[in-house]
Trainee: 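Quick one: the structure is below, and I'll ask about it shortly.
Chain identifiers are assigned alphabetically (A, B, ...) following the order of the sequence lines, protein sequences preceding nucleic acid strands; residue numbering begins at 1 within each chain.
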There are 2 protein chains.
Amino acid sequence: MAGRPVDHQRRAQLLDAIVDYAIEHGFSELSWRPVAAALGVSTTTLVHHFGTKEQMFEAILGRLRERMIVSMRDLTGEQADLATAARAAWERTSGPERAAEFRLFFAVYGRALQAPRQFAEFLEHVVADWMGALRDAQGPDVDPATATRTATLVIATIRGLLLDLLATCDRDRIEDAAEAFLATLSRAG
Amino acid sequence: MAGRPVDHQRRAQLLDAIVDYAIEHGFSELSWRPVAAALGVSTTTLVHHFGTKEQMFEAILGRLRERMIVSMRDLTGEQADLATAARAAWERTSGPERAAEFRLFFAVYGRALQAPRQFAEFLEHVVADWMGALRDAQGPDVDPATATRTATLVIATIRGLLLDLLATCDRDRIEDAAEAFLATLSRAG
DNA sequence: CAATTCCTAGTACGATCGTACTAGGAATGT
DNA sequence: ACATTCCTAGTACGATCGTACTAGGAATTG
């Protein structure tokens, strides 16, 4: 008994390629056959590794979640400072090279606001992590309620600006507003 | 020559029903057959009035745009005041009875961030209108650049909070943060 | 009245979807 | 070596999709 062992690395490698494909093509074009063709494998290979399509979405969101949470690690350097944390968050997310990734991120919202629970869970995890980072950035001596309030507001503002940035071509206007917002935080904190 | 005249009212009536269906079911379930079944007509009736599916999406977005712009008319009462305008904007958008509508609104973002131009155009029109309203609310005597900056920021914050509100179940946290944000505007303005 | 145009419905065709089924080569434990 | 399990591929089936085609009843002008 006990034949060939499961190749977990193979699945992870396929999953990363699928996430890249999703970032580039969006969710709507995410069918077995096109993905398999892009990866140079057969659809049955993908089905074998990921089961149903719903399970594949779950795997994609899990991996994407990991990536996005990792990209927001250690927002503050040494000192705990909300203003620098917010600025770091903005700069890490607003770069043109990450636009495709955040396009997919907001596509998750589009899906989460309809039925399936998996997309909503994804957002809860990611946003909760970012909230924690921005709460920590305010230091231990601030009122927890206001810390939560401030973190919520900062995330909401940045996310709203990001949506603008991705949806419009008016990058200057958005970056100007973002700069003003971050300056406000520096003045206040 | 000249036979039966075109019944424009019939088309408008069908379109409104389709928009309602879209608000309730989202874009992904927006196929000829289910919509026709829900409306109690045949698919050919819809095809006859709207042509291709892309044209139907265009019609839906056009009607939805009208609705959303109308819902934000006259944010300020008599006096031009950014704080009251922002508060009015928040209160008009955050109500639970409009949640379904804004779910679809953010679903537009999800699509706009991928290919098709029509969704991006929709957002440009709607956001431009809201921007204008919030710029006007600041009165004629403020610097146009800062007025644009402020309007951008207010819209971004409200939109970010709205996304949070729709995606999470933590309504209290969001409304608390929104209240703090609006209070800030009142203090500043 | 007749002619014409619009509205609606039924049907059918090709494409694509998710997925189950079959089967053969590859890699392991005994 | 052998049995067993994994990986990959090919194929096929049913469902759903957008849409073209056909045709008949309704409403209008001449």
Trainee: Hey, could you give me the CG/CZ distance between A:L104 and A:R67, rounded to the nearest 0.5 Å?
Mentor: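 Nearest 0.5 Å value for the CG-CZ distance: 10.0 Å.
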Trainee: Is any side-chain heavy atom of A:F50 less than 4.5 Å from a side-chain heavy atom of A:I60?
Mentor: no
Trainee: Quick one, which residues of residues 4-18 of chain A touch DNA chain D with a heavy atom under 4.0 Å?
Mentor: A:R4, A:P5, A:V6, A:D7, A:R10
Trainee: Do B:L153 and A:L161 come close enough that some side-chain heavy atom pair is under 4.5 Å?
Mentor: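 Answer yes - side chains close enough.
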Trainee: Tell me: CZ of B:F50 to P of C:dT8, nearest whole Å?
Mentor: 10 Å
Trainee: With A:Y21, which residues qualify under ring-ring contact (aromatic ring centres under 6.0 Å, His included), at least two apart?
Mentor: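 A:Y21 satisfies ring-ring contact (aromatic ring centres under 6.0 Å, His included) with A:H25 once adjacent residues are dropped.
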Trainee: Under a 3.5 Å distance rule, please check whether B:Q55 uses its side chain to pair with a backbone N or O of B:T52 as donor and acceptor.
Mentor: yes
Trainee: Taking only distance into account, with no hydrogens and no angle test, what donor-acceptor pairs under 3.5 Å do side-chain atoms of residues 7-14 of chain B form with protein atoms, sequence neighbours excluded?
Mentor:
residue : atom : partner : partner atom : Å
B:D7    : OD1  : B:Q9    : N            : 3.3
B:D7    : OD1  : B:R10   : N            : 3.2
B:R11   : NH1  : B:H49   : O            : 3.0

Trainee: Report the residues that fulfil side chain to side chain donor-acceptor pair (under 3.5 Å) with A:T45, sequence neighbours left out, ordered by chain and then residue number.
Mentor: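 For A:T45 the side chain to side chain donor-acceptor pair (under 3.5 Å) partners, ignoring immediate neighbours, are A:S42.
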Trainee: What pattern of brackets, bars and dots sums up DNA chain C from 5' to 3', given Watson-Crick or G-U wobble pairs under 3.5 Å, [ ] for crossing pairs and | for another strand?
Mentor: |||||.||||||||||||||||||.|||||
Trainee: Going through the checks in order, is the salt bridge (charged side-chain N to carboxylate O under 4.0 Å, His left out) test met by A:D129 and A:R65?
Mentor: CA-CA 10 Å; A:D129 185 89; A:R65 183 205 300 175; over 6 Å; no
Trainee: Measuring from atom CG of A:D16 to atom CG of A:D20, what distance do you get when rounded to the nearest 0.5 angstrom?
Mentor: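 Here the interatomic distance stands at 6.5 Å.
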Trainee: Drop me the distance from A:D170's CG to B:T148's OG1, to the nearest 0.5 angstrom.
Mentor: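 Atom-to-atom, A:D170:CG and B:T148:OG1 are 9.0 Å apart.
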Trainee: Where along nucleotides 11-21 of chain D does protein come under 4.0 Å, by heavy atom, of base (B) or sugar-phosphate alone (S), with - for untouched nucleotides?
Mentor: -B----BBBBB
Trainee: Ignoring the backbone of A:H49, work out which of D:dA9, D:dT8, C:dC7 is nearest its side chain.
Mentor: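 Closest nucleotide to the A:H49 side chain: D:dT8.
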Trainee: I want to check one thing: is the phosphate of D:dT8, taken as OP1 and OP2, less than 4.0 Å away from some side-chain N or O of A:H48?
Mentor: no
Trainee: When you measure from the side-chain N and O atoms of B:T45 to the phosphate of C:dC7, is any distance below 4.0 Å, counting only OP1 and OP2?
Mentor: no
